[in-house]
There are 2 protein chains.
Amino acid sequence: MTKQTPPAKKPSRIQTRNRKMILDAALEVFSRHGYRGTTLDQIAAEAGISKPNILYYFDGKEDIHVTLLNRLMESWLDPMIKLDAAGDPRSEILSYVQRKLDMARDLPQESRLFAGEILQGAPRMSPHLERHLKPLFDEKCALIQRWIDQGALPPLDPQHLIFSIWATTQHYADFDAQVQVLASHASDTHAQASAHLAQMFGALLALPKTP
Amino acid sequence: MTKQTPPAKKPSRIQTRNRKMILDAALEVFSRHGYRGTTLDQIAAEAGISKPNILYYFDGKEDIHVTLLNRLMESWLDPMIKLDAAGDPRSEILSYVQRKLDMARDLPQESRLFAGEILQGAPRMSPHLERHLKPLFDEKCALIQRWIDQGALPPLDPQHLIFSIWATTQHYADFDAQVQVLASHASDTHAQASAHLAQMFGALLALPKTP
DNA sequence: AAAAAATTTTACCATTTGGTAAATACACGA
DNA sequence: TCGTGTATTTACCAAATGGTAAAATTTTTT
């Protein structure tokens, strides 16, 4: 079922190079047009490799897509993994926001690929969500809850705090087309967003002064 | 170019009924699978109407999609239109958040249809964004800026405030698949989200006490 | 350099899909 | 109830698309 087209052993130099070219091309096309909206011919053209040759390296369209989603998961979870239980709660969360926002700027294709997949009900990804994202999410929710219980953060819902962070940061990558149309002096949207999110989550996480 | 397949005049009873059935079915399918991921046969099956019969009422797949996007724009802009310059700034914005969140709950299909379109670069919608959304957006940004200048709101970036509201509210419709996987006691996600967003934007909009 | 293995191309194919033509069934006012 | 325009079905088609077989080419090994 999970047959690796190039039989086994260590990948050759050519193999490594071509698989990378194909995946890069596929990421570009999938992220722009979604799974069904992408054709092997488009990927082939983008990669500069013939269609049958692509099928020499991958079992098919779905195989490419799944491979991309796998690869994506790592970088995707990374900012959250870095949430450090030993650090200062407020600044830990605020830097998490910044890391997430930077990711939306630096990896907009990955963000859109992910968004498209979720938007369509995560048909090819729910196993990943369950296996990788869910445990991490639960762990960090528990951490935030502990911080709250210690009085280091105001009482709030950890789950929805994280949802808010995801929503606001990814918005700039996923809804870029809209942001571009609406943002006026779009000279440095990223910096503006960064400042705004710092202000917003800063206000939310501020402890009420108890004099 | 913009030929109306049923020639002209007033639509018959059957015409009204069938166009509605087709549009409802198309909304369901388009919102789940995106434009390219949707086939006329799927829409036909969902609507209980044969494919050629669908093409009797619409010029083609794209015509249906565009019609949906047009219809969508109205309800989409409505919550924002209701932002009242005469009201209290803070509660005006907070109730805007609630209206938007309610919409994500009540019209998730529309939300996903919109999200999918934007995600793919708004290929069929950028005229709409320019003509309808942009003017309204600019107007409301100016209104918020006026409130800030009057000292009724803390200094913040109106554009990014609105982006944050859109992002956080739509998140619950667009990323529902993810929310479902992650949210624990998902008994009443909507109420939890509502409370959290009230808390978050409440904190952001609170004026620092100046004793 | 010859053999063997890996890679790439050429020439296809079956299915799906958006769409059409024309024949048929139906609704409804005169 | 009959005639006329409306609505629906049947039978197709051309293009697009995911994929394959096998020949041809290039690379690597011996």
Side-chain angles (χ1 to χ4, degrees), chain A residues 1-23 25-30 32-68 120 123-124, chain B residues 1-30 32-69 120 123-124:
Chain A
M1 205 108 235
T2 319
K3 176 189 71 168
Q4 201 78 332
T5 307
K9 299 300 166 185
K10 19 198 99 163
S12 78
R13 191 165 33 88
I14 292 177
Q15 231 169 90
T16 315
R17 176 174 54 86
N18 281 5
R19 279 184 71 99
K20 181 174 162 18
M21 298 213 59
I22 293 168
L23 286 175
L27 175 61
E28 169 67 25
V29 185
F30 275 132
R32 281 222 201 296
H33 306 290
Y35 181 75
R36 293 284 308 269
T38 295
T39 70
L40 286 177
D41 288 305
Q42 279 175 284
I43 298 176
E46 181 80 22
I49 293 177
S50 75
K51 179 170 68 173
N53 201 11
I54 283 182
L55 292 168
Y56 174 74
Y57 290 101
F58 290 92
D59 275 355
K61 187 180 173 180
E62 178 147 8
D63 184 26
I64 301 177
H65 197 251
V66 169
T67 303
L68 277 176
Q120 309 203 343
R124 277 166 277 275
Chain B
M1 207 110 236
T2 320
K3 177 187 68 168
Q4 202 78 331
T5 307
K9 299 300 169 187
K10 21 199 99 165
S12 79
R13 192 164 35 85
I14 293 177
Q15 227 166 94
T16 315
R17 176 174 53 86
N18 281 4
R19 280 185 68 100
K20 180 175 163 16
M21 299 213 57
I22 293 168
L23 286 176
D24 287 351
L27 175 60
E28 169 66 24
V29 186
F30 275 133
R32 279 219 201 298
H33 304 291
Y35 181 75
R36 291 284 307 270
T38 295
T39 71
L40 285 177
D41 288 303
Q42 278 175 284
I43 298 176
E46 181 81 23
I49 293 177
S50 74
K51 180 169 69 175
N53 202 10
I54 283 183
L55 293 168
Y56 174 75
Y57 290 100
F58 290 92
D59 276 354
K61 188 179 172 181
E62 178 146 9
D63 184 27
I64 301 176
H65 196 252
V66 169
T67 303
L68 278 177
L69 292 180
Q120 309 202 343
R124 277 167 277 275

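Reminder, nothing fancy here: chain letters follow the sequence lines and each chain counts from 1.
When distances are taken from the side chain of A/Tyr56 to each of C/dA6, D/dG18, C/dT17, the shortest belongs to C/dA6. Here the side chain of B/Gln15 is nearest to one of C/dA21, C/dT7, D/dA7, namely D/dA7. The side chain of A/Leu55 approaches D/dT20 more closely than any other nucleotide in the set C/dG18, C/dT8, D/dT20. Here the nucleotide nearest the side chain of A/Tyr57, chosen from C/dT20, D/dG18, C/dT7, is C/dT7. Checked against D/dT10, C/dC28, C/dT17, the side chain of A/Arg36 finds its nearest nucleotide in C/dT17.
One atom, CD of A/Gln42, and another, P of D/dA16, lie 13 Å apart when rounded to the nearest Å. In this structure, NE2 of B/His33 is placed 16 Å from P of C/dT16, rounded to the nearest angstrom. For the pair A/Asn18 CG and C/dT7 P, the computed distance is 8 Å after rounding to whole Å. Put simply, CZ on A/Phe58 is 15 Å from C1' on C/dT7, counting in whole angstrom units. If you measure from atom CD1 of B/Ile14 to atom C1' of C/dC26, you get 8 Å, rounded to the nearest angstrom. The distance between atom CG of A/Asp41 and atom C1' of C/dC12, rounded to the nearest whole Å, is 14 Å. We find that CD1 of B/Ile49 is positioned 7 Å from P of D/dT8, with the value rounded to whole Å. For the pair A/Asn53 CG and D/dA24 C1', the interatomic distance rounds to 13 Å; values are reported in whole Å.
Side-chain N or O atoms of A/Arg124 include none that pairs as donor or acceptor with a backbone N or O of A/Val66 at under 3.5 Å.
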Can you check side-chain contact (heavy atoms from CB on, under 4.5 Å) on B/Arg36 and A/Thr39, steps first, answer last? CA-CA 11 Å; B/Arg36 291 284 307 270; A/Thr39 70; 3.9 Å; yes
What verdict does the side-chain contact (heavy atoms from CB on, under 4.5 Å) test give for B/Ile64 and B/Lys61, after you've listed the backbone C-alpha separation in whole Å, the side-chain angles of each residue and the deciding distance to 0.1 Å?
CA-CA 5 Å; B/Ile64 301 176; B/Lys61 188 179 172 181; 5.7 Å; no
Derivation of the side-chain contact (heavy atoms from CB on, under 4.5 Å) call for A/Tyr35 and B/His33: CA-CA 9 Å; A/Tyr35 181 75; B/His33 304 291; over 6 Å; no
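The base of D/dG19 has none of its N or O atoms less than 3.5 Å from a complementary donor or acceptor on the side chain of A/Lys61.
A/Arg17 comes within 4.0 angstrom of no nucleic acid atom, judged by non-hydrogen atoms across all strands. Among the heavy atoms of the strands lying under 4.0 Å from B/Ser50 is at least one base atom, whether or not backbone atoms are also near.
The side chain of B/Arg13 places no N or O atom within less than 4.0 Å of a non-bridging phosphate oxygen (OP1 or OP2) of C/dA27.
Where A/Pro52 and B/Pro52 meet DNA chain C, the nucleotide closest to each residue was compared, and A/Pro52 sits on the side nearer the 5' end.
What you find for A/Ser50 and A/Ala44 is that their closest heavy atoms are C-CB, 4.1 Å.
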